[in-house]
Amino acid sequence: MATSLLSFHLQIEKPNNVSQYQIFPAKIQVLASTLKQNHNRRPKIATTAITRKQRRSGRVKQSLEDCNTSSTGKLLSFLNSGCLNDALQVFDKMNKSNTFIWNLTIRGLTDSGYFQEALEVYCRMQIEGIREDKFTFPFVIKACTAVFGSDEAKKVHSRIIKLGFYEDIYVCNALIIMYAKVGSIENSEKIFDRMLVRDVVSWNSMISGYVSSRDGLSSLMCFQKMQVLGIRPDRFSLVRLIGGCALEQNLLSGKEVFAQVIRNGREFNLMIQSSLIDMFGKCGEVNYAERFFNRISQKNLVVWNAMIGAYSMNHESLKTFSSLKKMQEDDNLRPDIITLINLLPSCSKLGALGLGKEIHGRAIKNDKFPHLVLETSLIDMYGKCGSLILAEFVFFQMKQKNIISWNAMITAYVQNSYNKEAIDTFKNLKNGPSVPDETTFASILPAYAEIALPKEGKQIHGYISKLGISLNTFISNAMIHMYAKCGDLLSARKLFDSMLFKDVVAWNTIIMAYGIHGFGVSSLSLFTEMLNEGYEPNRSTFVSLLSSCSISGNWDEGWKYFNSMRRDYGLDPGIEHYGCMLDLLGRFGNFDCAKRFIEEMPLKPTSRIWGSLLAASRHYRNIEVAELAADRIFSLDNDNTGCCVLLSNMYADVGRWDDVARVRDLMKNRGLEKTTGCSIVECNGKTYKFTNKNRLKIESDIIFQVLDIISRKIGDDQDNYNVYTFKPSVLLKRRAKSPIFHSVRLAICFGLISTSVGDPVLVRMNTRICENCHKATKKISKMANREIIVGDSKIYHHFKNGCCSCGDYWR
DNA sequence: GTAGGGTTAG
C-alpha cells in the first residue's frame, strides 16, 4: 500500500487529482490517531532520541523565539518532546504553505522511528505541491532506507537529481548510507567518488556503508585511506571501524583500534565500549570482552546487551542468563527487544525450547510484534530446538520478510530433514521480491543433495551462475556434494577439477563422493593425490576415507588408514571413525571382533555404533547380535524407528511372529511410523515419483505390464500378484507385502521404458534398498543390458551386467 | 529546522 503510494507520488510533479487533495486532511487525522494507538508499542529509542533532544534543546529555544507564529512553536515543541500525535494535530490545523513546516514534521517522525508515517507526510507534501528543499531529503532518505528497497531508493535519488540537490554534502552523505543499506554499495561508492567536497561524515558514511554491506575489509581500507589523507577520525569513525573488525573477526586489527581508542582517551565512551565488547565477542574472545565489561563502572542497557550477546554467541549459555539476572538486579535495567534477541541463541544451544517460548511469550506480552529481526531469530531458535511447527507459525505470520528470514526458515527445514519443504520454500522465495544470496544456497544445496536428481542439480547450478553468485569454496564444495548425492558423479568431478583454490573440505568432499558411489579405489588415489599436492588431511578426511573403505570393503586399507591417523597425523579417532571401522568389521561378519572392538573403544558407544552392529547382524541374519544391539540402541535412543523396523523384519524372516507383533506394538505405543518408501526417476526433465503406498492410483497399467514381463523374465514368482488376477482391493493388500511392487522396481521399469536404449537408468529412493530388490535389480541390469544406478538413503549402487558396485553388502 | 552513532536475525 505504502510502496505504491510513494512510487506513484514520486512520479507526479503537481497535484492533478482533486479528490486526493481533498482527502489529505482527513488522512492526517487518521494518521494522528494511529500514532496515538501505536505510540506505546514502539520500541523506545531512548539513547538516540534523548541525545538528539538534548542536543537540540538549545536550538529549539532559539527557534521558538524566532518563530512568528505560535503554532510553529507548538509544533516544534511537541515534536522535540516526542508528543507526535499532538504534533500532528497542530500540523493538521496549520497553514502548510512553507517547506520548513513539512521538513520539521518529517524529521520528527523519522527521528522517532515512524518511517512509514514520515513517508506518508512526504507524499502529501508533494500532493500539496510544496517543493522539497535540500533539508527535506536527508530525512526522506533515512525513512526510505528503513522502509523500502533499492527501487524506491533510486526514485528518490532521481528526484534529487531533478531538483538539483545532488551536490549537497548532507544529501550525498545520506545517499551513501541509503544505497549501502539497500544493498547497492557500488552506488554508494559512485556518489562518494563524485563528491566535490567531503567531510568526516562522508568518510564515516562510506566506512559505515561497507560495514552495512558486510564488507569489513573495505571498511578498514577506507578508514586507512581517510587517515592517509589527513582526515581526523571522530568517535563515530572508531565505532564503525570496530564494527568492521568485528565483521571480519579480525582480532588483530580490533586490538590495534583498541590501542588507538586508549591513546585518544576515548575508552570511557559508552558507545565505543559497547562496540568493543561486541567486537571481542564476535572474534570469539569472550574473556577479553568480560574483563573489559567488568571495568565499566556505569553500564547502560546497550553495554549489557553487548555482553549478553557476546556470551550467547560464544555458547556461554549459563552466563548469558546469569548476566540477564544481574542486569536487572544490579543496574535495575529492564530487558529490551535486543536483549530478548540476544538470549535466543543460548536457548538453541541449550535445546531449551521452553525458555525460548517464554521469551517469545514475553515479546508478545510486551507488544513487540511485528519485528523482523526478532521473528527471524525466533525461527532460527525454533528450528534448532526441533519445533518446526512454531518456526512455521512465526514465519507465516510475518508481515515483512527479507532474505535472512527466508534463509532462516529454509535452514530450519533442512536441519530437521524436511528437505522437500525446504525446496518448496526456496521456490516460493524465488517468486517474491527477495533475492537468494550465498547463504540461501549454502542452506538449500544440502536439501537438493538429499532428495534431488541430476537435472534439478544442474538447474540450481545454473541459477547460481545466473544470479552472479561467486562460486567460493564453500558453495563449490556444497555443490560437489550435491552433484555426487544426486547421482551425477561426473559433474561433481568436473566442478572439483575446475576449482582454482581447493581447500581440504573440497578434497574431503570428492573423496566421499567416490566413496558413496562405491569407487573406493578412486577415493584412495584421490587421497594420495591430495597428500602429493601438499594438503594436510583433517579428521573429516579420514571419515571420507574410512567410509569409502567400508563401503567398498577395502579391509586392509581401512585398517591401515585408521592406524595411521594418530601415528602419522596426530589425529585421535573420534566416534565417527570408530563407526566406520565397525561398519568394516560388520561387513566381514566378524561379530566377536566387532563386540570386542566396541568394548575396548576409548569412547562411549552411541546408537550409531550399535546401529552399525545391528545392520551387520541383519546381513548375516544373526538374531542374537541383533537383539543385543537393539537393546543398547533403545537404552540410548527411545525413538529409533530404523532399529524397530530392522528388528521386526529380522523376526519376520525367521517366522518369530510374536516378536514381530511385540516390536510393532512398541512402535505404536511410541508413536513411531515406518517411513513410506518412495523412489524418483527423471524423464525428459520431469521427475516421476513412485511410492510403496496407493500404487494402484498412481501408476499406469503399462508400468505394471512391463514389470510383469520383467519379473517373469528374471524368474521372480509373481503369479500371486498378477495385475489381471485379482480385484484391485485384494491386489493392493497383496502388493503391500510383496517386494515385487516396491517403488524402486516401478521406477526402474518406468526408467527403462522412457529413456533411450543404452542410457543408464538412475533412480533415487528415500530408504535403503531391500535385499530382494537388490537381487532383482542385478538380474534386470543383465537382462536389459542397461546400467541401473540406484541411490538409496546411504549409498549408490551401480548395477551392471548382473553385478553391483557395493559387492552385495550395504546394510 | 539539515547528514553520520554503539547492542539485534541466516
Side-chain angles (χ1 to χ4, degrees), chain A residues 43 47-48 51-52 56 59-60 62-63 66-67 72 75-76 79-80 98-108 110 133-142 165 168-178 199-209 234-240 242-243 246 269-279 281-282 300-310 312-313 336-345 371-381 383-384 402-412 414-415 437-440 442-443:
Chain A
T47 45
T48 317
T51 319
R52 286 216 170 118
R56 281 189 192 127
R59 282 190 223 134
V60 173
Q62 185 63 45
S63 309
D66 292 346
C67 284
T72 308
L75 175 69
L76 201 50
L79 285 171
N80 285 315
N98 77 42
T99 306
F100 173 61
I101 307 289
W102 290 87
N103 288 351
L104 270 188
T105 309
I106 296 171
R107 188 205 72 182
T110 306
D133 63 14
K134 64 176 185 177
F135 298 112
T136 319
F137 283 106
F139 311 123
V140 171
I141 292 168
K142 191 175 176 183
F165 299 124
D168 182 85
I169 193 163
Y170 291 87
V171 171
C172 286
N173 291 345
L175 282 172
I176 290 171
I177 292 287
M178 176 188 81
D199 62 4
V200 66
V201 180
S202 318
W203 284 92
N204 288 351
S205 303
M206 203 57 233
I207 295 169
S208 197
D234 61 10
R235 65 188 196 284
F236 299 120
S237 328
L238 290 170
V239 162
R240 295 317 274 168
I242 295 166
N269 180 290
L270 268 177
M271 216 158 73
I272 290 181
Q273 285 167 329
S274 45
S275 310
L276 281 167
I277 291 166
D278 174 62
M279 185 270 293
K282 285 189 175 134
N300 68 0
L301 186 59
V302 180
V303 171
W304 275 102
N305 281 347
M307 192 63 237
I308 289 171
S312 202
M313 72 181 86
D336 68 354
I337 198 154
I338 294 172
T339 324
L340 299 186
I341 291 165
N342 280 344
L343 292 172
L344 291 172
H371 190 287
L372 184 61
V373 179
L374 176 64
E375 286 159 328
T376 307
S377 307
L378 282 168
I379 293 168
D380 178 59
M381 181 275 295
K384 289 196 172 107
N402 65 5
I403 187 61
I404 305 179
S405 35
W406 281 96
N407 290 348
M409 193 61 236
I410 290 170
T411 306
V414 177
Q415 278 168 343
D437 64 4
E438 280 182 22
T439 311
T440 318
S443 307

Check your understanding: To the nearest Å, how far apart are A/Ile169 CD1 and B/dA3 P?
Key -> 13 Å
Exercise for review: Tell me which nucleotide among B/dT2, B/dA9, B/dG6 gets nearest to the side chain of A/Val303.
Suggested key: B/dG6
Exercise for review: Select one nucleotide: of B/dA3, B/dG5, B/dT7, the one nearest the side-chain heavy atoms of A/Asn305.
Suggested key: B/dT7
Practice item. Check the distance between B/dA9's C1' and A/Leu378's CG and give it to me in whole angstrom. Key: 10 Å
Review point. Checking all strands, does A/Lys384 fall into the base, sugar-phosphate, or nothing category for heavy-atom contacts under 4.0 angstrom?
Key: nothing
Check your understanding: Hey, does A/Leu374 reach any base, or is it just sugar-phosphate, or nothing, if we go heavy atoms under 4.0 Å?
Key -> nothing
**Study point:** Length of the line joining A/Ile101:CD1 and B/dG1:C1', which is rounded to integer Å
**Key:** 10 Å
Practice item. Starting from C1' on B/dA3, measure out to CG on A/Asp133 and report it in whole angstrom. Key: 14 Å
Review point. Looking for any heavy atom pair under 4.0 Å, which part of the strands does A/Asp380 touch: base, sugar-phosphate only, or nothing?
Key: sugar-phosphate
Point to revise | Whole-Å distance separating the CD atom of A/Gln273 from the P atom of B/dG6 | key: 15 Å
Study note, to complete from the structure: Value for OG (A/Ser275) from NZ (A/Lys282), rounded to nearest 0.5 Å, stands at 9.5 Å
Practice item. Can you figure out which of B/dT8, B/dT2, B/dG4 approaches the side chain of A/Phe139 most closely? Key: B/dT2
Check your understanding: Nearest to the side chain of A/Ile177, which nucleotide is it out of B/dG4, B/dG1, B/dT7?
Key -> B/dG4
Revision key, fill the gap. A/Val200 has its side chain closest, among B/dG4, B/dT8, B/dG1, to B/dG4
Exercise for review: Mind checking A/Ser275 for me? I need base, sugar-phosphate or nothing, with any heavy atom below 4.0 Å counting as a touch.
Suggested key: sugar-phosphate
Point to revise | side chain to side chain contact (heavy atoms under 4.5 Å, CB included) between A/Leu270 and A/Val302, worked out | key: CA-CA 9 Å; A/Leu270 268 177; A/Val302 180; over 6 Å; no
Exercise for review: Give a yes/no answer on whether the side chain of A/Arg240 brings an N or O atom under 4.0 Å of OP1 or OP2 in B/dG4.
Suggested key: no
Review point. Touch check for A/Ser377, heavy atoms < 4.0 angstrom, all strands: base, sugar-phosphate only, or nothing?
Key: sugar-phosphate
Point to revise | Minimum-distance nucleotide (side-chain atoms of A/Ser205 versus B/dT7, B/dG4, B/dA3) | key: B/dG4
Study note, to complete from the structure: Which of B/dG1, B/dA3, B/dG6 is nearest the side chain of A/Leu104? It is B/dG1
Exercise for review: Provide, to the nearest angstrom, the distance between the CZ atom belonging to A/Phe236 and the P atom belonging to B/dG6.
Suggested key: 9 Å
**Study point:** Qualifying residues under side chain to side chain donor-acceptor pair (under 3.5 Å), relative to A/Asn98, sequence neighbours excluded
**Key:** none
**Study point:** Minimum-distance nucleotide (side-chain atoms of A/Arg107 versus B/dT8, B/dG4, B/dG1)
**Key:** B/dG1
Check your understanding: In whole angstroms, how far is the P atom of B/dT2 from the CZ atom of A/Phe135?
Key -> 8 Å
Practice item. Measure from the side chain of A/Leu270, starting at C-beta and using heavy atoms only, and say which of B/dT8, B/dG1, B/dG6 lies closest. Key: B/dG6
**Study point:** Expected output: side-chain A/Ser312 to main-chain A/Asn342 donor-acceptor under 3.5 Å
**Key:** yes
Review point. Using a cut-off of 4.0 Å on non-hydrogen atoms, how would the nucleic acid contact of A/Asn103 be classed: base, sugar-phosphate, or nothing?
Key: base
Practice item. Please determine, for the side chain of A/Val302, which listed nucleotide (B/dT7, B/dG5, B/dA3) has the closest atom? Key: B/dT7
Review point. So, the side chain of A/Asp133 versus the backbone of A/Thr136: is there a donor-acceptor pair under 3.5 Å, distance only?
Key: yes
Check your understanding: Taking only side-chain nitrogens and oxygens of A/Lys142, does any of them come within less than 4.0 Å of OP1 or OP2 of B/dG5?
Key -> no
Check your understanding: Starting at CG of A/Asp168 and ending at P of B/dG4, how long is that distance when rounded to a whole Å?
Key -> 13 Å
Practice item. Identify which one of A/Ser208, A/Ser202, A/Ser205 satisfies the side chain to side chain donor-acceptor pair (under 3.5 Å) criterion when paired with A/Asn173. Key: A/Ser202
Practice item. Please evaluate the base of B/dG4 for a donor-acceptor partner in the side chain of A/Asp234 within a cut-off of under 3.5 Å? Key: yes
Exercise for review: Could you pull out the closest heavy-atom pair between A/Ile141 and A/Ala174, with the gap in Å?
Suggested key: CG2-O, 3.5 Å
